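Below is one structure, written out as structure tokens; the observations come after it.
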Amino acid sequence: MKLQTNQKQTTFTEVAALEERYQLATYKKMPIAAERGEGVWIYTSNGEKYLDLYGGHAVAGTGHSHPHVVAAIQAQAEKLLFYSNLVYSAARARAAEKLVSVAPQELTKAFFCNSGTEANENAMRMARMATGRQNVITFSGGFHGRTADSISATFLGNYRELGKPNVPGHIEAEFGNIESARALADENVAAIMLEPIQSMAGVRMAGSNYYQALREHCDERGIVLIYDEVQTGVGRTGDWFFAGSEAGAQVVPDIITLAKALGSGIPVGACLVTDKISGSIKENDLGTTFGGGMIAMAAVTATLETIENDGLLQNVRIVETYLRQRLAEVPGVAAVHGRGFLLGIEFRTPAGPIHKALLDRKIITGTSSNPHVLRLLPPLCLRSEDIDLFVAALLAVNAGS
Ligand SMILES: Cc1ncc(COP(=O)(O)O)c(C=O)c1O
């Protein structure tokens with residue numbers, strides 16, 4: 001079968017058949033062919049529209065195809081698609097300056113790469129270089145990516161098994177229990193790395209004193225503290241980053257890693273580091289061909305500008321409060337976990353059928369490794385009226401009861 005490029009509309013059946021024929025089947029897909037997006041909405045090849053509370057896998061922070069981001073990418077594409085870090089670039093200079101300007105002031109330099117797993121690999125490498133030590137402590141329930149070092153740091157489900165043989169020197173601690181990390185953090189440990197809110201594990205967060213205690217412990221032992229903010233960063237929690245936020249007791253790690261929403265859909269990852277870390281990195285210690293490319297950099301700057309211009313951090317806080325109020329009306333909801341627009345709704349019954357029933361009503365949500373938790377990672381521009389649609393659907397399907 002061949003798709004006609006001049007055809008007005010290609011049906012879902014045709015698209016799905018072709019993709020299944022030619023793409024390796026590594027994801028269980030929803031029965032949707034996404035064709036166009038606008039804000040919190042996805043329009044399909046069958047002319048239907050879906051409310052996207054999953055944000056295109058936590059990527060569409062500024063909403064789908066935000067005009068300011070699209071214009072910036074288009075303008076850059078007409079000038080220069082790419083040149084590597086072997087040359088200076090105004091697009092890269094602006095993106096680095098803007099990103100550092102919204103970060104906690106201790107984080108003074110950016111390293112650009114292409115994805116979350118790559119950001120984490122580089123963060124762990126920097127920690128090893130800065131300390132001269134090998135081991136890395138991560139936490140049960142944390143997810144850090146699928147390349148060798150990151151998957152070896154992932155103690156969630158069977159992901160680690162998929163990465164066999166694992167990189168040596170990875171140690172598992174219990175999330176939220178400071179004694180567990182303390183007991184394992186000896187003189188061979190280079191870094192403690194965590195998702196400050198564990199997303200895939202079902203949106204698990206610790207008390208603010210936990211982050212404080214981890215910071216103090218790292219300082220005492222000369223260990224590098226890394227926050228994997230691939231999901232929590234770039235405005236998702238209603239703050240620019242979990243690092244430095246009130247929920248995290250204003251704790252600032254030595255490195256934060258970013259990806260997902262950073263480029264609004266253009267692949268880009270980053271590590272933000274302190275002077276102490278950057279002081280231990282020399283020319284040629286790290287590198288990537290595509291990291292810091294002009295299109296990605298234009299997308300980063302425009303993404304951060306959009307979050308500012310559209311008041312999206314305030315919007316997240318206001319709409320989160322409204323969502324929590326409205327969810328209190330849904331009898332099947334046992335608890336709501338997380339912060340901002342990284343929320344885990346825990347139901348009294350399994351979340352899988354609820355996810356499916358919502359999809360039938362044209363609302364996209366996410367599941368998690370906790371079978372009772374439905375995950376929401378919507379665009380930061382979600383409004384109260386969208387929440388009303390969601391809650392009405394939950395009530396109509398009798399979710400959790
Ligand atoms: C917290 C966290 N870290 C790292 C990653 C890996 O990011 P990427 O898929 O861009 O490699 C993910 C992806 O889901 C993630 O959620």
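Bear in mind the structure is a predicted one, so any value in this text is a computation, not a measurement. Indexing begins at 1, ligand by ligand and atom by atom, following the structure's order.
Neither the backbone nor the side chain of E118 comes within 4.0 Å of ligand 1, counting heavy atoms alone. At a heavy-atom cutoff of 4.0 Å, ligand 1 is contacted by no atom of T257, backbone or side chain. Under 4.0 angstrom from ligand 1, the non-hydrogen atoms of E195 all belong to its side chain. When non-hydrogen atoms are compared, ligand 1 lies under 4.0 Å from the side chain of V230 (C-beta onward) but not from its backbone.
Seen from the ring of Y43, R36 counts as a face-on cation partner, given the 6.0 Å and 45° thresholds.
Considering backbone and side-chain atoms together, G116 places an N or O closer than 3.5 Å to an N or O of ligand 1. Here's the thing with H144: none of its N/O atoms is less than 3.5 angstrom from an N/O atom of ligand 1.
Near S115, meaning under 4.0 Å from one of its heavy atoms, ligand 1 places the atoms 10 (O), 11 (O). Interface atoms of ligand 1 facing N120, defined by a heavy-atom separation under 4.0 Å, are 3 (N), 4 (C). Residue-ligand proximity, T117 to ligand 1, at heavy-atom distances under 4.0 Å covers atoms 6 (C), 7 (O), 8 (P), 11 (O).
For atom 9 (O) of ligand 1, the nearest protein heavy atom is 4.0 Å or more away.
The ring of Y210 has its center closer than 6.0 angstrom to the ring center of F175.
Of the N and O atoms on the side chains of T289 and S84, not one donor lies less than 3.5 Å from an acceptor on the other residue. Side-chain contact, S199 with Q231: a donor N or O sits under 3.5 Å from an acceptor N or O. With hydrogens and angles left out, the side-chain atoms of N114 and T288 include a donor and acceptor closer than 3.5 Å.
Counting non-hydrogen atoms of neighbouring residues, nucleotides and ligands closer than 6.0 angstrom, the NZ atom of K362 exceeds 12 such neighbours.
Remark: minimum distance from atom 16 (O) of ligand 1 to any protein heavy atom is reached at Q231 NE2, 2.8 Å. Atom 14 (O) of ligand 1 has K260 NZ, 3.0 Å as its closest protein atom, hydrogens excluded (heavy atom only). Shortest contact from atom 3 (N) of ligand 1 to any protein heavy atom: D228 OD2, 2.7 Å.
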Yes or no on side chain to side chain donor-acceptor pair (under 3.5 Å) for E106 and T274, after CA distance, side-chain angles and deciding distance?
CA-CA 6 Å; E106 294 87 336; T274 59; over 6 Å; no

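Note on ring orientation: taking the six-membered ring where Trp is involved, the planes of H57 and Y54 are tilted (angle from 30° to 60°).
Looking at heavy atoms from C-beta onward, P353 lies out of side-chain contact with K356 at the 4.5 angstrom threshold.
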